[in-house]
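So the structure is just underneath, and the comments pick up after that.
Below, chains carry the letters A, B, ... as their sequence lines are ordered, and counting in each starts from 1. Side-chain atoms are counted along with the backbone in the values below, which use heavy atoms only and exclude waters and symmetry mates.
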Amino acid sequence: MSKIFLENMELPFCKGCGHSLIANNIDLALQKNNYSLLDVIIVTDIGCHGIVDKCFRTHTFHGLHGRSVALASGVSAGLSNPEKKIIALIGDGGATIGMQHIIDAAHNNFDMTVIVHNNMLYGMTGGQPSEFTPPGFNTTINDQSPKHKVYDVCQIASSAGASFVSRVIASNDFSDLLATAFSRKGFSLVEVMEICPSYGVKANPGMKLKNVVADAGLELKTFTDNNSESFETVYKKDTASLIDNQKEIQAVYKSSITRPVKMVISGSAGEGVQTSAELFARAAIASGLNVTKKGNYPVTVGVGFSSSDIIISPDEIFYTGTSDVDVIIVTSQEGLDYSSSSIKNLKGGTIICDSSLSLPETSSKIIKHDFRNKISGKGASLYSLFYYVNYSKIFPIEALIESFKGEKYSSKIDISKLLEF
Amino acid sequence: MEQEKKIIFTDNSRITVEALVQSGADIFIGYPITPANLLYSYASVRFPVFMAAPDEITTLQWMSGFSAVGKIPVTATSFPGFALMIESINMAYMMELPMIIILVQRLGPATGTATTGAQGDLALLNGMISGGMTLPVFNFYNSFDYWALTAKAVEFSVMHRTPVVILTSKEEMMTKLSLDVARLKNISKIERNYYEKSETYVPYRAEKNLVPPFLPLGNKMHQVRITSSTHNQRGIIQNSTAEALNNSKRLHYKNVRNIADFSFYDFDDEPGSTTLLVSYGVTALAAKEAVINLRASGEKVSLLIAQTLLPVPQIYYDICSRYSKIVIAEENLTGQYRQILFGGGSRTGISGVNDFGSMINPNSIIKEVLRHV
Ligand SMILES: Cc1ncc(C[n+]2csc(CCOP(=O)(O)OP(=O)(O)O)c2C)c(N)n1
Ligand code: SF4
Ligand SMILES: [Mg+2]
């Protein structure tokens with residue numbers, strides 16, 4: 001057969017390089033499957049095999065070392081079109097650095113074929129060993145002959161969920177196997193065992209590829225053939241606007257504050273600090289104020305302290321830091337540990353804390369209340385904010401009650417308890 | 001008449017994701033990392049396509065695949081993830097693939113503190129494209145700009161075929177705030193033009209604006225060759241022919257030349273002032289507050305808030321040249337934007353307000369502005 005998918009030019013590889021056999025067989029196999037030129041996208045890697053893309057008359061996509069399979073996965077998912085044939089070429093070196101992408105593409109069953117050009121070394125960089133170099137196979141790095149079994153990419157891809165996986169030794173015509181791989185739905189992979197004359201042959205004079213493959217324990221067979229359904233990219237239509245679906249808060253109350261109030265509420269994780277702070281924030285907005293709110297907690301959010309910085313202001317808020325706070329509310333020992341330095345630094349302001357806590361030396365006004373005992377640890381933050389609003393009159397307590405009633409969990413809490421001061 | 005208000009309690013992650021989708025971005029691919037997780041979770045419900053990648057290298061590779069077939073992909077990450085993406089962003093830059101990468105800064109080095117904000121990654125972005133070429137970087141600072149200018153960032157990326165970074169930080173993306181969403185102006189979906197002629201498509205032959213027309217991989221009209229190695233106009237790998245080198249250089253000039261129409265900044269010029277305060281991102285808010293307070297006490301100071309950070313718009317230099325004292329406030333140890341604008345070493349009249357591990361307070365800015373007025 002004459003070339004159709006390949007340009008009529010010499011292939012760019014050294015004389016006798018196995019990569020030439022693969023390029024020619026790709027052309028033959030594509031012809032057998034009757035693809036049209038522009039339905040084929042060849043994605044190439046960095047490595048000797050990767051310089052072949054200029055020889056293909058199809059679409060070509062040439063990326064980074066080890067990433068061609070991931071790049072091709074993106075093309076495949078992006079097109080999500082079974083009429084297109086996406087072929088990723090990769091070397092044993094690329095498959096070493098990018099094995100994750102092969103596992104992942106097989107796992108997702110992206111519609112594509114991967115051809116692993118396994119010449120058992122890094123050809124392009126001078127014949128160094130890869131994870132596919134078998135023990136006893138010499139490379140240009142003499143004392144690095146591998147001691148361990150090679151990566152078996154066929155077994156790996158099979159167990160990851162590929163549709164079709166096969167290993168073959170490069171020869172003049174193995175196009176039927178490639179044609180079969182191309183025809184399968186989903187992820188197919190063919191590992192082609194071949195030789196790099198420039199480094200592999202030189203370092204292993206007289207060796208026979210067949211023997212090397214056999215000694216490495218690599219079976220020449222089809223490992224998987226199940227033609228399973230391939231990945232399909234789902235386009236969600238008309239997803240709801242993230243803004244339109246947000247609850248509007250109408251300013252039906254009025255606050256009498258004339259300057260910003262900066263506060264910090266600190267307690268323990270799992271005791272509703274953040275949800276209470278949000279509820280408070282909504283009440284402030286309902287009172288016509290501008291609000292910012294931040295959460296601070298350790299990276300593992302379920303343990304230790306939980307703290308929230310809140311600013312409420314009649315004017316636009318710019319800087320959202322709370323280094324100069326007016327009020328610190330502390331509802332648990334963990335909250336106190338977290339905020340003790342802010343308490344020491346507090347000048348002037350007010351500290352509202354649970355009666356059980358002993359505060360560090362401070363010149364600020366201290367108000368103690370039995371939040372934890374009167375309601376529970378879990379309700380202490382919420383209760384403390386009710387207490388604070390009642391005490392400070394920064395905005396009408398009705399705003400807070402209304403905000404509370406809007407919460408799903410409000411039926412579980414007896415509101416009259418929150419209003420006992 | 002005053003417009004009806006609609007106040008919601010929200011955050012800029014939500015605003016940004018909505019703006020991205022409305023402007024036409026259709027694919028979100030991500031790998032979770034604090035403080036970018038809000039973007040990730042909003043995107044999962046709002047984007048037409050959401051894909052959870054197994055790592056950040058894969059994220060960028062998938063995005064490049066999607067971009068090459070005509071989609072507009074987005075991701076959001078923080079330094080540790082971003083570091084893994086760098087080679088692939090270089091690839092997308094070389095291939096001229098539109099995409100948006102949101103970099104939510106947190107405290108480094110390395111994994112640092114995931115839940116503490118920072119402005120520590122700008123110097124990295126400035127030198128990130130091998131060859132020192134420039135990658136467009138925007139950093140907005142208030143919700144209205146996160147809305148309107150995010151759409152502009154998408155437009156820049158698609159029109160000029162380049163990855164774009166939206167730089168931001170933990171405080172900007174995670175702070176909840178009251179917002180009048182009735183003030184958000186309509187965003188229109190970007191319209192893309194593809195190459196339509198019947199003559200052979202030459203994938204890297206640029207037009208007057210230095211941008212080559214786009215055609216997706218897989219189209220039935222013309223062969224498309226996309227490559228990240230040094231290449232000629234046809235997308236064929238070349239070592240260093242003049243044509244290929246010119247093509248690579250064009251990538252830099254393309255962004256430098258076209259940024260003029262996308263130079264976003266707020267310049268609050270106080271007549272008679274000799275001091276200019278410069279800031280961006282989260283620190284711009286402290287700078288704004290500092291300026292309000294300074295003026296309230298009778299001081300004269302002007303304020304430049306940069307939103308297009310890179311390539312540095314020429315206008316910033318023009319503005320700076322009018323002042324004898326320039327104070328640049330940013331939340332990093334070494335004054336990264338200061339060094340980008342004015343070089344390393346000290347220079348009379350140029351100083352910084354810097355901090356590491358905590359937000360810059362308006363008072364520290366005020367102190368520096370007043371130091372030798
Ligand atoms: C990230 C990265 N690391 C290293 C290299 C250098 N490099 C180029 S090709 C190659 C190995 C190629 O070996 P293989 O994939 O087996 O292809 P072959 O040359 O044998 O066909 C390496 C390590 C690179 N390009 N990128
Ligand atoms: S160096 Fe080896 S792998 Fe590379 S082209 Fe030559 S023979 Fe082939
Ligand atoms: Mg190899």
Just to verify, what does Asn12(B) make a side-chain contact (heavy atoms from CB on, under 4.5 Å) with, not counting sequence neighbours? Ile15(B), Ser143(B), Tyr146(B), Met173(B), Leu177(B)
Heavy-atom distance under 4.5 Å to chain B: side chain of Asp315(A), backbone, both or neither? neither
Could you tell me which portion of Lys6(B) (side chain, backbone, both or neither) has an atom closer than 4.5 angstrom to a non-hydrogen atom of chain A? both
Chain A heavy atoms under 4.5 Å from His231(B): which part of the residue, side chain, backbone, both or neither? neither
Identify which part of Leu215(B) has an atom lying under 4.5 Å from any heavy atom of chain A, answering side chain, backbone, both or neither. neither
Name the region of Asn290(A), side chain, backbone, both or neither, that has any atom closer than 4.5 Å to a heavy atom of chain B. both
Which region of Val45(B), side chain (C-beta onward) or backbone (N, CA, C, O), has a non-hydrogen atom less than 4.5 Å from a non-hydrogen atom of chain A, or is it both or neither? both
From the list Gly235(B), Pro48(B), Ser228(B), the residue making the most non-hydrogen contacts under 4.5 Å with chain A is Pro48(B)
With only heavy atoms counted, which part of Thr34(B) is less than 4.5 Å from chain A, the side chain, the backbone, both or neither? neither
Chain A contact via Ile237(B) - which portion, at a heavy-atom distance below 4.5 Å: side chain
Go through the atoms of Arg282(A) and report whether side chain, backbone, both or neither lie under 4.5 Å from a heavy atom of chain B. side chain
Check each atom of Glu278(A) against the heavy atoms of chain B and say whether the ones under 4.5 Å are side chain, backbone, both or neither. both
Below 4.5 Å, heavy-atom pairs only: which of Asn361(B), Asp180(B), Thr115(B) has the largest tally toward chain A? Asn361(B)
Tell me, side chain or backbone of Tyr141(B) under 4.5 Å from chain A's heavy atoms, or both, or neither? neither
With a cut-off of 6.0 Å (strictly less than), are more than 12 heavy atoms of other residues, nucleotides or ligands near NZ of Lys236(A)? yes
Under 4.5 Å heavy-atom distance to chain B, tell me which part of Asn81(A) shows up: side chain, backbone, both or neither. neither
Which portion of Ala284(A) sits near chain B, non-hydrogen atoms under 4.5 angstrom: neither
With a 4.5 angstrom heavy-atom cut-off, which part of Ile7(B) approaches chain A: side chain, backbone, both or neither? both
Does any heavy atom of chain A fall under 4.5 Å from the side chain of Leu184(B), the backbone, both, or neither of them? side chain
In terms of heavy-atom proximity below 4.5 Å to chain A, should Met63(B) be classed as side chain, backbone, both, or neither? neither
Residues in residues 84-94 of chain B that sit under 4.5 Å from chain A, counting heavy atoms only: Glu87(B), Ser88(B), Met91(B)
Shorter than 4.5 Å, heavy atoms on both sides: which option in Leu242(A), Thr292(A), Val75(A) has the most such pairs with chain B? Leu242(A)
Is chain A contacted by the side chain of Ile292(B), its backbone, both, or neither, given a heavy-atom distance below 4.5 Å? side chain
Does any heavy atom of chain A fall under 4.5 Å from the side chain of Ile27(B), the backbone, both, or neither of them? side chain
Part of Ser68(A) lying under 4.5 Å from any heavy atom of chain B: neither
Considering all heavy atoms, the nearest Ile41(A)-Gly218(B) contact: CD1-CA, 3.9 Å
Portion of Ser241(A) that has a non-hydrogen atom of chain B nearer than 4.5 angstrom: both
Atom group of Val181(B) that falls short of 4.5 Å from chain A, counting heavy atoms: side chain
Just verifying a value: how many Å separate Thr60(A) OG1 and Ile236(B) CD1, rounded to the nearest 0.5 Å? 7.0 Å
Which region of Asp55(B), side chain (C-beta onward) or backbone (N, CA, C, O), has a non-hydrogen atom less than 4.5 Å from a non-hydrogen atom of chain A, or is it both or neither? side chain
